[in-house]
Number of protein chains: 2
Amino acid sequence: MLDAALELFTAHGFEGTSLQDIADRLGVTKAAVYYHFHTKDELLRALVEPAFAEVSALVAEGEERPASSRRAGVVEVGRYVDYLLRHRRFAVWLARDAAAMTRDVVVQQATEIRERTEAMLVGADADALSRIWAAATLQALAGGLIAAPADAPDEWLREELTELGAHLLAGYRKAARRREA
Amino acid sequence: MLDAALELFTAHGFEGTSLQDIADRLGVTKAAVYYHFHTKDELLRALVEPAFAEVSALVAEGEERPASSRRAGVVEVGRYVDYLLRHRRFAVWLARDAAAMTRDVVVQQATEIRERTEAMLVGADADALSRIWAAATLQALAGGLIAAPADAPDEWLREELTELGAHLLAGYRKAARRREA
DNA sequence: GTCTATAATGCGATAGAC
DNA sequence: GTCTATCGCATTATAGAC
């Protein structure tokens, strides 16, 4: 059921998908959907929660490691790519339907997680340039994931996306060094 | 008026913004909005058209240049960044509201332009890996633009985003060479 | 757990006065 | 060019039978 909703949200967006659409896809009525999720926002929350919990734990792990050991950020990128691949369809949806994350039920959590994820890549007290590279890296990974053929094996994707992310972080450090000079 | 619509679309998405919302923002009634745009889709088209025409011309220019002279793609990235900066708020909206581009009035144009823009970066007959890097580059530029402070001067942004895009294209060529070996 | 039926609201869109 | 008023319809959500 969450699966059907996710599929429709990906195609038409959260606002562009009605509970009727979801019910039709499942071959049931709207009322049946409302039995499981009392409101549409509750469905959104249920869809978002497991993925958010996972990335939150991922970032928390990174926050506990000493800054020196994660300066390169390559380990973090690898873990993040793994997370993207585990929640592939979810990530594809979110990257292209940011408006859904402005809903009251999820906006706080979403903002906090995005900020912490960016901080994991470029540090907590980042300046404008760092934030740009961090955001660009996250968007690039999502963009690559979206463009990948649906039948692309996870192993291959993991390798390519990790390289892509690591390459961007290397570029960021180069730009930061240039700025310091 | 298009300005007010664009602002609301950026915040809540095309589907999440009603004509009432737009009318309220302008301090007029829905009917007044309908005088200028007979349907909501017509408003969408009017919002999209100038930017699409511009990027289409940009890509067409690139298509006329011999492939050898644009193999590096740096010139193309620079021109694309200029385009993003000229339509900054529009680009921020589109990057995060893909559902709007699935509307019948714009879906064909949008798909064609996205494909031609990616082809400009990595060639017309691109394999899966090339398409991933091309999509990642475009998404990264949009992501960087979104993360930039609203008061960041265009000159500075142009420089940083161009470097970001060029860095990604360099990474793509590196990955392509590795794959050939 | 799913159904039918319906309430309540908001939506895109139109008609006609000013 | 903007208004008031309204239509028809889809939407979220609820009530109650099975």
Side-chain angles (χ1 to χ4, degrees), chain A residues 1-50 52 90 93-94 96-110, chain B residues 1-52 89-90 93-94 96-110:
Chain A
M1 171 149 200
L2 289 173
D3 229 57
L6 181 52
E7 197 173 321
L8 291 166
F9 290 167
T10 304
H12 310 112
F14 177 75
E15 296 275 1
T17 304
S18 73
L19 293 171
Q20 185 72 66
D21 294 333
I22 299 171
D24 289 351
R25 163 68 58 103
L26 294 170
V28 297
T29 62
K30 279 188 296 177
V33 176
Y34 271 100
Y35 173 79
H36 297 280
F37 306 99
H38 290 191
T39 70
K40 196 183 179 185
D41 281 338
E42 200 174 301
L43 202 167
L44 175 63
R45 178 188 273 283
L47 206 55
V48 153
E49 208 169 331
F52 272 15
F90 175 79
W93 167 47
L94 267 208
R96 322 211 315 168
D97 191 13
M101 291 299 103
T102 66
R103 288 251 147 191
D104 284 351
V105 262
V106 291
V107 64
Q108 253 188 353
Q109 243 191 322
Chain B
M1 171 148 199
L2 289 172
D3 228 57
L6 181 52
E7 197 175 322
L8 290 166
F9 290 166
T10 304
H12 310 111
F14 177 76
E15 297 274 1
T17 303
S18 73
L19 293 171
Q20 186 71 68
D21 295 333
I22 298 170
D24 289 351
R25 163 68 57 105
L26 295 170
V28 297
T29 62
K30 272 193 299 180
V33 176
Y34 270 101
Y35 172 79
H36 297 279
F37 306 99
H38 289 191
T39 70
K40 196 183 180 186
D41 281 337
E42 199 175 299
L43 203 167
L44 175 64
R45 180 188 272 282
L47 208 54
V48 152
E49 207 169 330
F52 272 16
R89 297 173 59 218
F90 175 80
W93 166 47
L94 266 207
R96 322 212 308 168
D97 191 13
M101 290 301 102
T102 66
R103 289 250 145 192
D104 284 350
V105 262
V106 290
V107 65
Q108 253 187 354
Q109 245 190 322

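The two residues B/V105 and B/R45 have their closest heavy-atom pair at O-NH2, 3.4 Å. Between A/I22 and A/T17, the shortest heavy-atom contact is CG1-CG2, 3.9 Å. For the pair A/F37 and A/E42, the tightest heavy-atom approach, listed with the atom from each and the gap, is CA-OE2, 3.9 Å.
D/dT4 atom P lies 17 Å from atom OH of B/Y34, rounded to whole Å. D/dA13 atom P lies 7 Å from atom CG of A/D41, rounded to whole Å. The distance from atom CD of B/Q20 to atom P of D/dT11 is 19 Å, rounded to the nearest whole Å. Rounded to whole Å, the distance from CD on A/E42 to P on D/dT12 is 15 Å. What separates NZ of A/K40 from P of D/dA10 is a distance of 16 Å, to the nearest Å. Look at CG on B/D24: it is 12 Å from P on C/dG10, rounded to the nearest Å. Atom C1' of nucleotide D/dT12 and atom CZ of A/F37 are separated by 16 Å, given to the nearest angstrom. With rounding to whole Å, B/Y35 atom OH is found 15 Å from C/dG16 atom C1'.
Where A/F14 and A/A31 meet DNA chain D, the nucleotide closest to each residue was compared, and A/F14 sits on the side nearer the 5' end. Between B/L19 and A/K30, the residue anchored closer to the 5' end of DNA chain C is A/K30, taking for each the nucleotide with the nearest heavy atom.
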| task | Could you please spell out the steps behind the side-chain contact (heavy atoms from CB on, under 4.5 Å) verdict for B/L43 and B/L2? | result | CA-CA 8 Å; B/L43 203 167; B/L2 289 172; 4.0 Å; yes

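Judged purely by atom type and a 3.5 angstrom limit, A/K30 has no side-chain atom pairing as donor or acceptor with the backbone of A/S18. Under a 3.5 Å cut-off, the side chain of B/D97 and the backbone N or O of A/A99 do not form any donor-acceptor pair.
From one end of the helix from C/dG1-D/dC18 to C/dC18-D/dG1 to the other, with five pairs defining each end axis, the axis direction shifts by 10° (rounded to 10°).
A close approach under 4.0 Å does not occur between any side-chain nitrogen or oxygen of B/S18 and OP1 or OP2 of C/dG10. Between A/H38 and D/dT12 there is no side-chain polar atom (N or O) within less than 4.0 angstrom of OP1 or OP2.
Contact annotation for B/T29: base contact, defined as any heavy-atom pair under 4.0 Å involving a base atom.
Two residues are said to be in side-chain contact when any heavy atoms from C-beta on lie closer than 4.5 Å; A/F9 and A/D21 fail this criterion.
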